[in-house]
Amino acid sequence: MSEVRRIERTDAQAPRGAEGPPQPAVDLTTDLAGVALDNPILTASGCFAAGAEMDRFYDVTELGAIVVKSVTPEPREGLPTPRMAETPSGMLNAIGLQNPGIDAWLEHDLPWLQRKGAKVVASIAGKSVEDFREVARKLRRHAGIVAIEVNLSCPNVDHRGLVFACSARDSSEVITAVRRESDVPILAKLTSDVTDIVAIARAVVDAGADGLTLINTVLGMTIDPETGRPGLYNTYGGLSGPAIRPIAVRNVHQVHQALPEVPILGCGGARTVGDVVQFLRAGASAVSVGTATFVDPFIGPTLIAELTRWLADRDIDRVADLIGTVEPWS
Amino acid sequence: MMATRAGSVRGRTDTDGPVQVTCEVLARRREGAYWLLSIAAPTIAERARPGQFVNIAVEAPGTLLRRPFSIARVSKRGMAAGTVEVVFDAHGPGTAWLTSVDVHDVVDVVGPLGTPFPIPQRKVSCLLIGGGYGVAPLFFLADELTRKGLRVDMIVGAASQDRILNAIEAKRLTASVTFTTDDGSYGVHGRVTDAFDEVVDRCGSGVVYACGPNPMLRAVSERCRERSIPVQVAVEEHMACGIGVCFTCTLPLRQKDGSVRMKRACLDGPVFNGGRIAWEETRFEVGPPIVVDDDEEELPEPPRPTDADVWGDA
Ligand SMILES: Cc1cc2nc3c(=O)[nH]c(=O)nc-3n(C[C@H](O)[C@H](O)[C@H](O)COP(=O)(O)O)c2cc1C
């Protein structure tokens, strides 16, 4: 594999954010549900494929950890196209969990990540409790996997297709099953499309989740005004990108207020260093960046550099000191 | 992002992989019914091969994602060394915004992305078929094939005469060019496939390359299959990331074992073996099942130059 280098600029202009004196050392390390991370910038599942695709651009081990695309027991080819519709400051997607299946993932994708020395958060998905259990079992005792993220935004075939994450009971059953199988911390990834996010959060924590990922995409729809057809083959899809950031920050804050001891991986619309700081202040211990990668392949390293600078400029020594620091108006 | 200064390059130095660059706009002008954008992007120009594309950041209100464009031409040497050209139709907010950039403006570009057209491993007469602005990457390809000493003929199709992209360039780059228009306003009245047999017979075409709308690519691929001619097509799919991570730009590819796999147009393509695209299965329109059980339907083995002969792989 090739060496990562920023190619030097071809003209006299310095890159944005690189002017000024050398940056003093700030401590970017963070602890996410017992997992020690060098920095709080992670990828979001489904927005970084298996990792190797992005290594064409930069050394992906620069990131705090890599959350890979959700893996299911069997290979899945996913839904027909169109799978994507752009919306103001966001996009809808309905991919249908296309993935090679756990066996192929363990055979081809994980070894690459292990060779790189990446910290891997394995995202798992399924259509029944048994599916989750099976994938979790196969993920045991593999070097490099630092945590499991349980993608609960999947329809439960045993419950008339209701999404697991919309039911405290269904979510808890999955987490209980995964907890029994797993030898690493598990993060329950929840959806904001519920009446009471705190109730679901409490249920999965009681069932054994070590932390939470907040949030998955928000269900949405577009319709072509002329043809009358939905923008997506699947009719409905998940909204992501800057459009959902305030919803994500609110969920993180709400859950952190209710369950301050529960570690949170913030996710949804993060694109700038200011967004990252918002998630941390709201109570997240780290931040997953998804859709922003589609716009800017280098967003991860850029955010790490800008966060360092942001903290240094404000004489904040440790990023961890920012977590859960929302100042009251009065 | 919002790059304001040109000349920034991010990426790996020792590969021919993609980089992210901020580059100056050298020209933005009408090209018949279309638009041409020329940018100063030396690293991309150096690395690009015909069939690949670039992904350009647009700042139109209500947009978020980059827009992909096939590379129409690069200059690796001479006065204009380091330039990259793309041709586009202004049919949405992103492309409309791109028609408004000025010379000396700076755009943020990722590339080169995707797979290039494979070049024949042996001497064979090449037929290039383009529809609308899909002709653009074929100019880049024609140049490379000619440089390799191969004969290049072209069929250029469009809805009407005004939508034929740069007829002069097509003539300059080829041994022969046949024009077709849907309305008969120029050349053969009809589709590119209506001129297909005549051109193939006259030019002894041994391989076909095509770029244009999917229905055209499908029709060309089927014609090639009937005549047992290897065919490579460059598809244009809607994509969110362009870099292989989002799985939105997939299309169904038939594997050797008969199963159909959804492949990413941005990473596994945009150039595909046209004979392998499962146009008929079409996951473009119908839902699961995932794997197709068709023992009865085997691709006929071409008696003439096979894919293996021509491209050096199967
Ligand atoms: C194209 C696409 C595919 C996704 N696939 C998955 C997935 O497989 N598993 C999952 O848990 N979340 C998936 N997500 C959701 C993201 O991980 C993330 O929760 C969501 O996009 C919000 O973050 P963002 O706005 O930073 O993208 C996907 C999102 C997108 C846009």
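We name chains A, B, ... by the order of the sequence lines, and we start the count at 1 in each one. None of these values were measured; they are calculated from a predicted model.
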>> Please give me the minimum heavy-atom distance between A240(B) and M84(A), naming the atom from each residue.
In response: N-CE, 3.7 Å
> What is the minimum heavy-atom distance between M262(B) and P80(A), and which atoms define it?
Replying inline: CE-CA, 4.3 Å
> For L113(B), is it the side chain, the backbone, both or neither that has a heavy atom under 4.5 Å from a heavy atom of chain A?
Replying inline: side chain
When rounded to the nearest 0.5 angstrom, what is the spacing between [atom1] in [X] and [atom2] in [Y]?
X: N93(A); Y: F247(B); atom1: CG; atom2: CZ; answer: 12.5 Å
X: F48(A); Y: C246(B); atom1: CZ; atom2: SG; answer: 13.5 Å
X: L232(A); Y: T248(B); atom1: CG; atom2: OG1; answer: 10.5 Å

Using modelled atom types and a 3.5 Å cut-off, is there a donor and acceptor pairing between side-chain atoms of [X] and backbone atoms of [Y]?
X: R83(A); Y: C249(B); value: no
X: E53(A); Y: I243(B); value: no
X: R10(B); Y: Y58(A); value: no
X: E86(A); Y: L65(B); value: yes

> Checking heavy atoms, do the side chain of T272(A), its backbone, both or neither come under 4.5 Å from chain B?
Replying inline: neither
Exceeds 12 heavy-atom contacts within 6.0 angstrom, atom [atom1] of [X]:
X: E74(A); atom1: CD; result: no
X: R245(A); atom1: CZ; result: yes
X: H91(B); atom1: NE2; result: yes

If we only count heavy atoms from C-beta on, is the [X] to [Y] side-chain gap below 4.5 Å?
X: R12(B); Y: R56(A); value: no
X: V110(B); Y: F57(A); value: yes
X: T81(A); Y: T250(B); value: yes
X: V295(A); Y: L64(B); value: yes

>> If you apply the rule side-chain contact (heavy atoms from CB on, under 4.5 Å), what do you find for V260(B) with E77(A), and how did you get there?
In response: CA-CA 9 Å; V260(B) 172; E77(A) 292 304 317; over 6 Å; no
>> Less than 4.0 angstrom from a charged side-chain N to a carboxylate O is my criterion; do R66(B) and D296(A) meet it?
In response: no
> Step by step, would you call M239(B) with F294(A) a side-chain contact (heavy atoms from CB on, under 4.5 Å)?
Replying inline: CA-CA 10 Å; M239(B) 40 182 82; F294(A) 305 165; over 6 Å; no
> When heavy-atom pairs shorter than 4.5 Å are enumerated against chain B, which of G241(A), G46(A), P297(A) gives the highest number?
Replying inline: P297(A)
> Looking at G244(B), P93(B), G17(B), G242(B), which one has more heavy-atom pairs under 4.5 Å with chain A than the rest?
Replying inline: G244(B)
